[in-house]
Participant: 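Before I ask anything, here is the structure I am working with.
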Amino acid sequence: MDDFVRVGGLAAVSAALPRALRSHTDVRIMLPGYRDVIEQLTHIEIVGQCEALAEMPACSLGRSSTRDGLPVYVLLCDELYDRPGNPYGDESGQDWADNDIRFGRLAAAAAELAAGTLDKSWAADLVHANDWQAALVPAYLAWRGVEVPSILTIHNLAYQGLFPRESLRRIGAPESSFHIDGLEFYDKLSFLKGGLIYASHLTTVSATYAREITTSELGCGLEGLLRQRSNAHELTGILNGIDESWDPRYCQQLAQPFAAGDWKGKKANADYVRKQFGLAVSRGPMFGLVARLVHQKGIDLVLEAADEIVAAGGQIVVTGSGEPAIERALLEAHRRRPDAIGVAIGFNDAQARRIFAGSDFTLMPSRFEPCGLSQMYAQRFGSLPIGHQTGGLAETITDGETGFLFQKPSAESFLGGVKRAFSAFTRTEQLNAMRLSAMARSFSWDLSAACYNALYRKMLTS
């Protein structure tokens, strides 16, 4: 949850969706007791104790709230969660060897909380789990015979939580669950598949991605199971939103706040970004790239196109972190052309906002993109996204009106989108009309929350 720990789109969703749902229902969040979470909560009341299960240690359940009153449960177990690094791995980027126990413990405790056996003053009518880290909550509910309906949201099918078969014993899962119609996935244990099997209903973060994951191209080996769930009307695509702070008129982190039509204000942000990254003064377009630096995001396509973009008078500004080889390649590109390619490894929210505000275009050549948030942030800040026509990008970018879509995740197709952007940049009237259309888009969480609430009600009445 992005109030406490920033780990990409899932954290942003975990912070924003529950708040948007508060007007509809009593919503409560459960998190592992990471160091950053504990440090930021002022008071934690212990409400329950989880007994040890298999190789998973005993732990406590605390209850607290965010500054704006959103109830938060925290699973307290220092030996599992009080560690340096990020929620999934150490400071060198290596996954923790006991992630099966860390997230099995979370799922088992969440099932107890839902059943009403942990916090004696509260039980859940419905459980909403997200991604592989929480995907076994519906499984533990089923194994314990607890009849609470559950939803699993798939934010990215490529991350499946795969562990060796012996993890089954370590997390106290029944041996009988390890088969092709259970948790077994090519002789490994798949946390995500457990959720796909046991959850009452599945959702994912765009209608396009809901269709794409039923195909062999993007089904990651689970397309058969997902087709079954889809054919049974048990797979729904609900597009993510973005929070209201993404408004350039009021954003305090910008070099200069600006409104639609105030292109001098936008230029002030561009000048600031160029200076911050040591780029040359330029009248050409600035291309922003704010992303996790991983293969999925198509960063190699940007690297392949970089020389051509720079030769045509463009500049590229990158911020993000991810795979070491991609980070090194970007830094090498910066070393070759420090006047035209700026790179900041790491993530800083204020810097990201300034790049969206200062750039003319945002590069999003993702091979696949379940939903994507950067293209929404970019449009609100008047930076026209150049995106592959896939997943949420296809649903949130109107080609030729609020950005540019290209058909294939290839260098040639991507460069076609870039050339269209260069062409628009030379036509001031067209460029400004597109900026106005993009900045007028609303990506409010209210619509997403209403869709989730309707699904919750449907499940509870059925």
Side-chain angles (χ1 to χ4, degrees), residues 1-50 59-77 81-82 87 106 109-131 133-134 137 148 150-151 153 155 203 238 240-247 250-253 349-350 353 373 442-457 459-460:
M1 182 182 180
D2 171 336
D3 292 51
F4 310 112
V5 187
R6 296 196 74 91
V7 281
L10 176 56
V13 173
S14 301
L17 178 58
R19 289 181 165 95
L21 284 165
R22 286 176 80 182
S23 62
H24 299 283
T25 188
D26 172 14
V27 58
R28 304 188 181 197
I29 294 168
M30 183 170 172
L31 294 168
Y34 301 127
R35 188 177 292 177
D36 288 345
V37 175
I38 303 299
E39 286 174 355
Q40 293 179 67
L41 291 171
T42 51
H43 175 70
I44 300 175
E45 176 192 0
I46 304 300
V47 294
Q49 302 291 334
C50 301
C59 54
S60 304
L61 184 71
R63 186 174 61 208
S64 187
S65 62
T66 60
R67 288 188 184 125
D68 59 347
L70 187 65
V72 177
Y73 288 102
V74 186
L75 192 61
L76 302 169
C77 186
Y81 308 121
D82 185 15
L106 175 69
E112 281 190 66
L113 175 62
T117 56
L118 264 187
D119 180 350
K120 304 296 185 192
S121 66
W122 189 82
D125 296 313
L126 180 143
V127 173
H128 188 162
N130 290 277
D131 270 357
Q133 297 90 339
V137 181
V148 174
S150 58
I151 292 174
T153 294
H155 295 266
T203 70
I238 299 175
N240 285 337
I242 58 174
D243 73 60
E244 298 302 320
S245 71
W246 290 92
D247 188 327
Y250 310 114
C251 183
Q252 295 303 308
Q253 288 117 315
D349 182 62
R353 287 169 183 260
L373 299 177
S442 172
F443 299 106
S444 166
W445 271 107
D446 291 344
L447 180 59
S448 308
C451 293
Y452 278 111
N453 184 58
L455 179 59
Y456 296 161
R457 301 294 164 197
M459 291 178 65
L460 290 170

Participant: To check you understand the geometry: which heavy-atom pair defines the closest contact between His24 and Arg457, and what is its length?
Facilitator: O-NH2, 3.0 Å
Participant: So does Glu244 have more than 12 non-hydrogen atoms from other groups sitting under 6.0 Å from CD?
Facilitator: no
Participant: Compare all side-chain heavy atoms of Ile44 with those of Val72 and state whether any distance is below 4.5 angstrom.
Facilitator: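 Heavy-atom side-chain distance check fails, nothing below 4.5 Å.
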Participant: Give a yes or no on whether the backbone of His43 and the side-chain of Ser64 come within a donor-acceptor separation of less than 3.5 Å.
Facilitator: yes
Participant: In Å and rounded to the nearest 0.5 Å, what is the CG to OG distance from Leu75 to Ser60?
Facilitator: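 Taking CG in Leu75 and OG in Ser60, the distance rounds to 8.5 Å.
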Participant: Regarding Thr42 and Arg67, do their side chains bring together a donor and an acceptor under 3.5 Å, going by distance alone?
Facilitator: no
Participant: As an exercise, state the distance from CG of Leu41 to OG1 of Thr66, rounded to the nearest 0.5 Å.
Facilitator: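 Here the rounded value is 8.5 Å.
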Participant: Is there a donor in the side chain of Arg28 and an acceptor in the side chain of Tyr73, or the other way round, less than 3.5 Å apart?
Facilitator: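 Indeed, the side chains of Arg28 and Tyr73 share at least one donor-acceptor pair under 3.5 Å.
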Participant: So, do Met30 and Leu106 sit near enough that their side-chain heavy atoms are less than 4.5 Å apart?
Facilitator: yes
Participant: How long is the span from the CG atom in Leu447 to the OG atom in Ser442, to the nearest 0.5 Å?
Facilitator: 8.5 Å
Participant: Which pair of heavy atoms, one from Val137 and one from Ala110, lies closest together, and at what distance?
Facilitator: CG2-CB, 3.8 Å
Participant: Rounded to the nearest 0.5 Å, how far does OH of Tyr250 lie from CG of Asp247?
Facilitator: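 Rounded to the nearest 0.5 Å, the CG-OH separation comes out at 6.0 Å.
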Participant: Under a 4.5 Å cut-off applied to non-hydrogen side-chain atoms, are Asp125 and Asp26 in contact?
Facilitator: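 No, their side chains stay 4.5 Å or more apart.
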Participant: How long is the gap from CD1 on Ile151 to CG on Leu455, to the nearest 0.5 Å?
Facilitator: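 Here the interatomic distance stands at 4.0 Å.
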Participant: Taking the side chain as C-beta and beyond, is there a heavy-atom pair between Ser121 and Arg63 under 4.5 Å?
Facilitator: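 Yes - at least one pair of side-chain heavy atoms lies under 4.5 Å apart.
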Participant: If we ignore angles and hydrogens, is there a donor and acceptor under 3.5 Å between the side chains of Trp445 and Asn240?
Facilitator: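 There is no such pair between these side chains.
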Participant: For this output row, return yes or no: ring centroids of Tyr452 and His128 closer than 6.0 angstrom.
Facilitator: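 For Tyr452 and His128, the ring centres are under 6.0 Å apart.
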Participant: Short question: side chain of Asp243, backbone of Ser245 - any donor-acceptor pair under 3.5 Å?
Facilitator: yes
Participant: Tell me whether Gln40 contacts the main-chain N or O of Ile38 through its side chain, where contact means a donor paired with an acceptor under 3.5 Å.
Facilitator: no
Participant: Below 4.5 Å, heavy atoms only, C-beta onward: do Arg19 and Leu70 meet side chain to side chain?
Facilitator: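 Of all side-chain heavy-atom pairs linking Leu70 with Arg19, at least one is under 4.5 Å.
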